[in-house]
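Here is the structure we will look at.
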2 protein chains.
Amino acid sequence: MHESTDIFSAIADPTRRSILEMLADTDSLTATEIYDRYPVSPQAISRHLKILREAKLVMVEKKAQQRIYRINPSAMAELENWSMGLRKRWNRRLDVLEQVLDEEWDKTKGNSESEE
Amino acid sequence: MHESTDIFSAIADPTRRSILEMLADTDSLTATEIYDRYPVSPQAISRHLKILREAKLVMVEKKAQQRIYRINPSAMAELENWSMGLRKRWNRRLDVLEQVLDEEWDKTKGNSESEE
DNA sequence: CGACTATTTAACGAATAATTTAATTAACCG
DNA sequence: CGGTTAATTAAATTATTCGTTAAATAGTCG
């Protein structure tokens with residue numbers, strides 16, 4: 001049973017974010033091409049790639065001994081939705097507040113048609 | 001000198017995300033109101049709140065001994081922008097690729113006006 | 001097959017993060 | 001002031017994460 005890392009923990013690490021940014025600008029990269037761009041050991045990067053894979057933030061294609069990595073834009077969208085969702089809920093909340101204030105205003109005018 | 005936690009590490013923790021979600025639906029909450037909703041000690045939550053504060057994800061207002069917490073929607077936008085930016089770069093990359101293919105197509109037709 | 005290439009997994013130490021209990025700060029109220 | 005309430009910081013502990021070196025897997029090529 002493969003343990004899946006959540007998307008939020010995955011992007012918490014700056015190296016992993018950097019890999020994602022790199023992949024956003026490059027069609028695809030093999031593991032070694034990624035290794036070469038970082039001062040840490042290939043093994044360390046391999047672990048980062050595993051975490052990104054588990055979070056579905058990247059996808060892999062096998063080609064001979066090589067692993068070709070590609071970003072997964074739909075997973076990026078998921079992250080975007082979380083933050084957007086919070087903002088929207090916050091805004092809706094403000095709308096509701098506004099409505100309540102409007103209703104209060106109506107009541108002071110003796111014009112109360114509002115239902116529970 | 002106050003150390004500032006980055007937004008990505010801040011939202012990596014599920015308890016902190018939960019607090020943010022709570023605050024997105026509620027105008028504001030005092031520290032104790034937040035404490036009461038979690039099984040961990042108030043001190044643990046207090047530390048989480050500190051991290052959210054440092055990441056500017058929440059804002060605090062003092063009222064007597066109480067600290068009133070509110071979400072900061074503009075900080076949420078920052079996160080949104082990061083993921084959106086990556087998606088856009090990925091899409092732009094696809095556009096560029098398309099353009100290159102178009103140019104190649106032109107060349108095969110002997111119509112090469114493109115500069116390096 | 002045996003050597004080589006690409007990449008991952010394993011084992012382990014060091015650094016960092018989360019949680020707990022204890023102590024501290026700060027504002028209120030009689 | 002002295003006691004109480006609200007919240008934070010400090011110290012200690014445990015858990016998790018990150019990086020390293022060493023070993024393993026898997027595919028290629030002569």
Side-chain angles (χ1 to χ4, degrees), chain A residues 1-23 26-72, chain B residues 1-23 26-72:
Chain A
M1 185 138 267
H2 28 92
E3 44 174 301
S4 63
T5 316
D6 72 289
I7 201 172
F8 296 99
S9 314
I11 62 161
D13 183 275
T15 303
R16 288 195 289 268
R17 284 202 301 279
S18 163
I19 292 173
L20 287 175
E21 287 170 12
M22 223 166 73
L23 287 172
T26 329
D27 168 65
S28 65
L29 292 170
T30 64
T32 11
E33 284 173 326
I34 300 172
Y35 297 166
D36 292 346
R37 283 171 171 78
Y38 293 91
V40 296
S41 71
Q43 290 92 329
I45 298 296
S46 183
R47 292 204 119 257
H48 284 308
L49 289 172
K50 184 180 192 177
I51 289 165
L52 290 173
R53 246 183 291 148
E54 286 172 350
K56 303 267 197 322
L57 283 163
V58 299
M59 287 172 342
V60 213
E61 181 196 336
K62 292 187 187 183
K63 190 167 193 177
Q65 314 103 304
Q66 295 177 319
R67 299 296 146 87
I68 300 173
Y69 283 90
R70 237 181 225 94
I71 203 171
N72 178 6
Chain B
M1 188 138 265
H2 28 89
E3 44 173 300
S4 64
T5 316
D6 71 291
I7 200 169
F8 296 100
S9 314
I11 62 162
D13 184 274
T15 303
R16 288 196 289 267
R17 284 201 301 282
S18 162
I19 292 172
L20 286 175
E21 287 170 13
M22 222 166 73
L23 286 172
T26 330
D27 168 66
S28 65
L29 293 170
T30 65
T32 14
E33 284 172 328
I34 300 173
Y35 298 166
D36 291 346
R37 282 170 172 78
Y38 294 91
V40 295
S41 70
Q43 290 90 330
I45 298 296
S46 184
R47 293 207 122 258
H48 284 308
L49 289 172
K50 185 182 191 174
I51 288 165
L52 290 172
R53 247 181 293 149
E54 285 171 351
K56 304 269 197 319
L57 284 163
V58 299
M59 288 172 341
V60 212
E61 181 196 336
K62 293 187 186 183
K63 192 168 191 178
Q65 314 104 302
Q66 295 176 318
R67 299 296 143 88
I68 301 172
Y69 284 89
R70 238 179 224 95
I71 204 170
N72 177 7

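Labels below follow one simple rule: chain letters A, B, ... track the order of the sequence lines, proteins then strands, and each chain is numbered from 1. This is a predicted model, so every value here is computed, not measured.
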ask   = Just checking B:Ala44: base, sugar-phosphate only, or nothing, at a heavy-atom cut-off of under 4.0 Å?
value = base

inquiry  = What's B:Ala31 touching, base or sugar-phosphate or nothing? Going by heavy atoms closer than 4.0 Å.
reply    = sugar-phosphate

ask   = Side-chain N or O of A:Ser41 less than 4.0 angstrom from OP1 or OP2 on D:dT20?
value = yes

query = Can you tell me how far C1' of D:dA6 sits from CG of B:Asp36, to the nearest Å?
reply = 12 Å

query = Within the pair B:Arg53 and D:dT8, is there a side-chain N or O less than 4.0 Å away from OP1 or OP2?
reply = yes

message = Within this structure, what is the CD1-CD1 distance for the pair A:Ile51 and A:Ile7, rounded to the nearest 0.5 Å?
response = 14.0 Å

note = DNA chain C nearest-nucleotide lookup for B:Arg47 and B:Gln43: closer to the 5′ end is B:Arg47

query = Between C:dT25 atom P and B:Lys62 atom NZ, what is the distance in whole Å?
reply = 15 Å

inquiry  = Measure CG/B:Leu49 against C1'/C:dA18 and give the value in whole Å, please.
reply    = 14 Å

inquiry  = Please report the distance, rounded to the nearest Å, between CG in A:Asp13 and P in C:dA17.
reply    = 11 Å

Protein-nucleotide distance (B:Ile34, atom CD1; D:dT8, atom P), rounded to Å = 9 Å

key: Reported CG-to-NE2 distance for the pair B:Asp13 and B:His48, which is rounded to 0.5 angstrom   = 4.5 Å

ask   = What is the nucleic acid contact for A:Ser9, judged by heavy atoms within less than 4.0 Å: base, sugar-phosphate only, or nothing?
value = nothing

task = Would you classify A:Lys50 as touching base, sugar-phosphate or nothing, given that sugar-phosphate means primed atoms plus P, OP1 and OP2, and contacts are heavy atoms under 4.0 Å?
result = sugar-phosphate

inquiry  = Quick check on A:Arg53: does its CZ atom have over 12 non-hydrogen neighbours (other residues, nucleotides or ligands) under 6.0 Å away?
reply    = yes

key: Among C:dT8, D:dA6, D:dT8, the one nearest B:Gln65 by side-chain distance   = D:dA6

ask   = What nucleic acid atoms does B:Thr15 come within less than 4.0 Å of, heavy atoms only: base, sugar-phosphate, or nothing?
value = nothing

task = Using a cut-off of strictly less than 4.0 Å, decide whether B:His48 has a side-chain nitrogen or oxygen near OP1 or OP2 of C:dA17.
result = no

key: Presence of B:Tyr69 side-chain N/O under 4.0 Å of D:dT8 phosphate oxygens OP1/OP2   = yes

key: B:Arg47, CZ: over 12 other non-hydrogen atoms inside 6.0 angstrom   = no

ask   = Are any non-hydrogen side-chain atoms of B:Leu29 and B:Ile19 less than 4.5 angstrom apart?
value = no

inquiry  = If you assign each of A:Ala12 and B:Ile45 to its closest nucleotide in DNA chain D, which residue comes earlier from the 5' end?
reply    = B:Ile45

request  = Starting at atom CZ of A:Arg67, determine the distance to atom C1' of D:dG27, rounded to an integer number of angstrom.
outcome  = 9 Å

request  = Examine D:dT5: is either OP1 or OP2 under 4.0 Å from a nitrogen or oxygen in the side chain of B:Tyr35? Give yes or no.
outcome  = no

request  = For D:dC18, take OP1 and OP2 only and decide whether either is under 4.0 Å from a side-chain N or O of A:Arg16.
outcome  = yes

key: Side chain to side chain, B:Ile45 and B:Thr15, heavy atoms closer than 4.5 Å   = yes

remark   = Rounded to whole Å, the CG-C1' distance (B:Asp6 to C:dT16) equals 13 Å

key: A:Gln66 side chain, from C-beta outward: closest of C:dA6, D:dT8, C:dA18   = C:dA6

Spacing between B:Lys63 atom NZ and C:dC28 atom P, to the nearest angstrom = 11 Å

